[in-house]
Amino acid sequence: MQTADIRQRWLDFFAERGHAVVPSASLVSDDPTLLFTVAGMVPFVPYLTGLVPAPYPRATSVQKCIRTNDIEEVGKTPRHGTFFQMNGNFSFGDYFKEGAIGMAWELLTTPEADGGYGFDPNDLWVTVYKDDDEAIELWKQIAGLPEERIQRLDKDTNYWHTGQPGPAGPCSEIFFDRGPAYGADGGPATDDDRYVEIWNLVFMQYLIDDVKSKTDFRIVRELPKKNIDTGMGLERVAFIKQGVENMYEIDQVRPVLDRAAELSGRRYGADHDDDVRMRIIADHIRSALMLMSDGVSPSNEGRGYILRRLLRRSIRAMRLLGVEGPTFRELFAASRDAMKAAYPEVATDYTHIEQLALGEEETFLRTLTAGTGILDLAVEKTKRAGSAELAGDTAFLLHDTYGFPIELTLEMAEEAGLAVDRGAFDSLMTDQRSRAKADAKSKKKVLADLSVYADFRAKGETIFTGYSDLTTQSSVLG
Ligand code: ATP
Ligand code: MG
Ligand code: MG
Ligand code: MG
């Protein structure tokens, strides 16, 4: 089942059941407290909180999302993308738990030939908030789930609120069991690699206040109009239905991964670290494409900085795959071709997107070239001095002047057989931060990352005129 097909089945299913089909909002959220749209419910928040009366009693969408907090998971777990699509169905004071559970179960288990997703009910597990007897009963009645496939969990995982006084309520999550090859059979509470979370149902049931933490708050009363907010991961269902190992191997993502393999001459599946790098590239290139198509440009602050990080991490990962030259022209074209059926704007705006991507790539490759020269010299000097540890001020210089992320310095030093004096580096960073803070107080403006200077300087004649300058620089390295 192609991703487009899973998406269409979703929209058809909920449209047939009286839901208004609402197009995806931009990744750049209207909510000033959010950098990006992180969930399907974000555009519906005014209706869910009751601030604005909902124009329809039920709605459905397939929402583009960015979650930067998952960036470290990308490529390592099978299920975390920085960009992904969340399929949602929402009820604003209309149906509640019975409707939400009933429709979710029906869509998941209706055979593919009849418009559903065709999951075998025996492969599905659910979690519920431990005191939500109503949901537990409904799962037994509607889905016929046996007691042992309903796991009761606490507020830390199975309760939703915004952290502010307002609506709140228990959640119930649906998991797919990938089978014993992926882990022990203790259910979703014990293993999130074997049991993949596919769908979260949130039952907004209470008004709360005195919110002290995720688990500590006071229920004021039941809401007069209860709401439903659900989110199903489109890529997660796609990877399960397509019979592949993870979300980076689905039809919308895999072509970028294959291109990265081709360009590097390495085979996907041959080496674990290389595989992770290829998955990171496939994810980050797609996220960057989608961000740029929603109007974000690389910069040193806010959204633009996140985009810049994604682009630079991709370049770094390609480099670790052994490719030093530019690759964005090919990688972005592959991602565009995989995404344009679902999002035609990535093709129509492509000239602009490509220009931004290639510009960023050129700049960072220069940064890398300049920094690599410095690093090589420092490595040589360190070894000559009989030390196994690169000085902290070298790592700091690379970060501060050349825009080298510390992880890159760590990895490159390790490749050369050296450790890095991380303590010294961290304390230099702390000093710099306090200086920046003092500075910001006077200027009332903070730059998210000083590496902007490295980009300009590395391009100009002044800093990188050849090895004479590098020698001067190397005296700074101590
Ligand atoms: P997980 O525990 O796996 O990190 P989550 O509990 O953070 O997921 P929710 O906030 O409940 O996720 O989001 C609703 C659904 O969106 C999830 O059930 C999942 O299918 C999907 N989803 C969430 N985060 C991601 C992601 N980073 N990449 C792909 N799909 C995601
Ligand atoms: Mg998560
Ligand atoms: Mg979860
Ligand atoms: Mg969840």
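Counting starts at 1 for both ligands and their atoms, in listed order. By convention here, the first residue in the shown sequence is residue 1.
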request  = Go through F90 and N227 one step at a time and tell me if the side-chain contact (heavy atoms from CB on, under 4.5 Å) criterion holds.
outcome  = CA-CA 7 Å; F90 307 92; N227 298 323; over 6 Å; no
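- Note on the Mg ion (ligand 4): protein N/O/S atoms under 2.8 Å are E173 OE2, E197 OE2.
- Using a 4.0 Å cut-off between charged nitrogen and carboxylate oxygen, E112 and R9 do not count as a salt-bridge pair.
- Between H80 and Y248, the ring center distance fails the sub-6.0 Å criterion.
- A cation-pi arrangement, defined by a distance under 6.0 Å to the six-membered ring centre and an angle within 45 degrees of its axis, is present between K155 and F217.
- Taking the ring axis of Y350 as reference, the NZ or CZ atom of R336 stays within 45° of it and closer than 6.0 Å to the ring centre.
- Because its NZ or CZ atom is not both nearer than 6.0 Å to the ring centre of F176 and within 45° of the ring axis, R178 does not count as a cation-pi partner of that residue.
- For the residue pair Q242 / E249, no side-chain donor-acceptor distance below 3.5 Å is found, with atom types taken as modelled.
- Annotation: D271, atom CG; neighbour count of heavy atoms from other residues, nucleotides and ligands within 6.0 Å is above 12.
- For the side-chain hydrogen bond (donor to acceptor under 3.5 Å, both in side chains) with S172, the qualifying choice from W139, W199, Y129 is W139, the only one to do so.
- Protein residues with a heavy atom closer than 4.0 Å to ligand 1 are R67, D70, R79, H80, G81, F84, M86, E173, E197, I198, W199, N200, G231, G233, R236, M247, listed by chain and number.
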